[in-house]
Amino acid sequence: MPASGPILGIETSCDETAVAVYDGARGLLAHVLHSQAALHAEYGGVVPELAARDHVGRINGLVADTLRTAGVTLPEIAAVAYTAGPGLIGALLVGASFAAGLATASGARLIPVHHLEGHLLAPMLERRRPEFPFLALLVSGGHSMLARVDGVGRYDIIGDTLDDAAGEAFDKTAKALGLSYPGGPQLALLAQHGSPGRFRFARPMTDRPGLEFSFSGLKTAVLTALPRDADEQTRADIALAFEEAVTDTLAIKCRRAVEQTGLERLIVAGGVGANRRLRDKLAQAAQRQGIELFFPRPEFCTDNAAMIAYAGWARSGSAQPASAGVQARARWPLQELTPPDAAPLAGAQ
Ligand code: KG4
Ligand code: ZN
């Protein structure tokens with residue numbers, strides 16, 4: 001293995017096939033992504049078997065494209081980082097076994113990456129990066145949590161969801177409004193035409209202390225408010241009221257978490273972090289509280305391989321030889337992670 005060099009990142013935990021190259025000294029060299037959204041749209045959600053099969057068909061070409069764009073050859077790759085979980089097991093196995101094949105063929109090392117660690121470290125891909133410690137709001141299709149981040153592998157979950165994740169609530173509500181999967185971005189577009197104040201939904205769990213989330217009641221409230229033959233304007237009005245309720249709730253909990261922890265930096269990660277209304281509300285709240293706010297660019301909020309390559313680089317000091325085998329875990333609690341036991345490969349990013 002080269003003593004230092006670029007890290008190839010592979011992400012296949014759900015319905016995006018993504019590949020990236022990150023170099024400790026030179027930064028992000030390339031990132032490429034294929035979304036399977038159109039493949040799953042007619043089913044209203046991700047079909048695991050179709051996802052795995054589509055990853056198989058795409059991964060080889062995407063790796064070749066990414067290496068070409070990065071101007072890097074396979075033998076120059078120091079290590080291959082891949083998402084080892086949590087996620088859909090068949091989909092994860094495609095990326096893990098492809099990573100192992102590449103590492104075996106090229107002599108590179110292997111780094112299993114926790115998908116949520118990728119999301120939590122995604123703001124590090126930007127020019128303006130947060131210093132540790134920081135507070136993180138991680139809101140994706142599978143997770144809604146507030147975590148204290150003291151360093152790589154040092155995560156303390158201080159707020160979690162009791163039922164649906166924020167992204168899941170967006171997707172289910174979007175489906176009820178007749179929008180196709182994935183519904184979050186489409187619901188946000190529909191909400192732009194909504195008239196404020198016509199509908200109002202409760203801000204769940206904000207009337208009691210604590211940092212827990214619960215979004216399933218909100219989805220039920222939408223279903224109750226939605227007339228059977230709702231016209232376009234009514235659907236837009238409901239979409240707006242729903243988006244206001246979710247984003248207000250997230251902003252209220254962030255404000256509380258800042259007060260409770262005394263942390264002075266907040267980062268927002270995960271697909272729902274791409275939501276404009278949420279970003280605006282958090283920006284206003286951060287200004288009022290006098291804290292610094294960091295967002296990855298929207299394409300690094302949703303699933304991508306740049307964050308996997310970066311997290312892989314952060315753990316590259318403990319990369320394993322390909323002969324050590326691969327991991328793939330559908331479930332993998334974030335709390336099981338520990339800090340890397342060695343410094344990353346050369347480069348001071
Ligand atoms: O992080 P992500 O790409 O995948 C997971 O790890 O889950 O998050 C996907 C979720 C989906 O639920 C999607 O609807 C939501 O993020 N999402 C959004 C927006 N963009 C993506 N939700 C609200 N507004 C958006 N602009
Ligand atoms: Zn994700």
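These numbers come from a predicted model, not from an experiment. Order of appearance sets the numbers: ligands from 1, and atoms from 1 within every ligand.
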Those residues at least two apart in sequence (or on a different chain) that pass salt bridge (Lys or Arg N to Asp or Glu O under 4.0 Å) with R127 are none
### Message
Tell me whether the NZ or CZ atom of R279 lies within the 45° cone about the ring axis of F295 and under 6.0 Å from its centre.
### Response
yes
Pocket residues around ligand 1 (non-hydrogen, under 4.0 Å) come out as H115, H119, S140, G141, G142, G167, F170, D171, G184, P185, G270, G271, V272, A274, N275, C301, T302, D303
Sorted by chain and residue number, the side-chain contact (heavy atoms from CB on, under 4.5 Å) partners of S318 (sequence neighbours excluded) come out as P340, D341
How far apart are the C-alpha atoms of F170 and F242, what are their side-chain angles, what is the distance that settles it, and do they pass the ring pair (Phe, Tyr, Trp, His ring centres under 6.0 Å) test? CA-CA 8 Å; F170 264 99; F242 168 83; 5.2 Å; yes
* Tell me, with the steps shown, if Q186 and S180 meet side-chain hydrogen bond (donor to acceptor under 3.5 Å, both in side chains). => CA-CA 8 Å; Q186 291 194 50; S180 65; 3.1 Å; yes
Protein-side N, O or S atoms sitting under 2.8 Å from the Zn ion (ligand 2) are H115 NE2, H119 NE2, D303 OD1
- Is V139 reachable from I252 through a run of I, L, V, M, F, W or Y residues, each pair having side-chain heavy atoms under 4.5 Å apart? no
**OP:** Could you check H143 against D160 for side-chain hydrogen bond (donor to acceptor under 3.5 Å, both in side chains), going step by step and ending with a plain yes or no?
**Re:** CA-CA 8 Å; H143 298 86; D160 214 336; over 6 Å; no
Using a 6.0 Å distance limit plus a 45 degree cone around the ring axis, check whether R129 lies over the aromatic ring of F294. no
Check whether any side-chain N or O of S106 sits under 3.5 Å from a backbone N or O of A108 as a donor-acceptor pair, and report yes or no.
yes
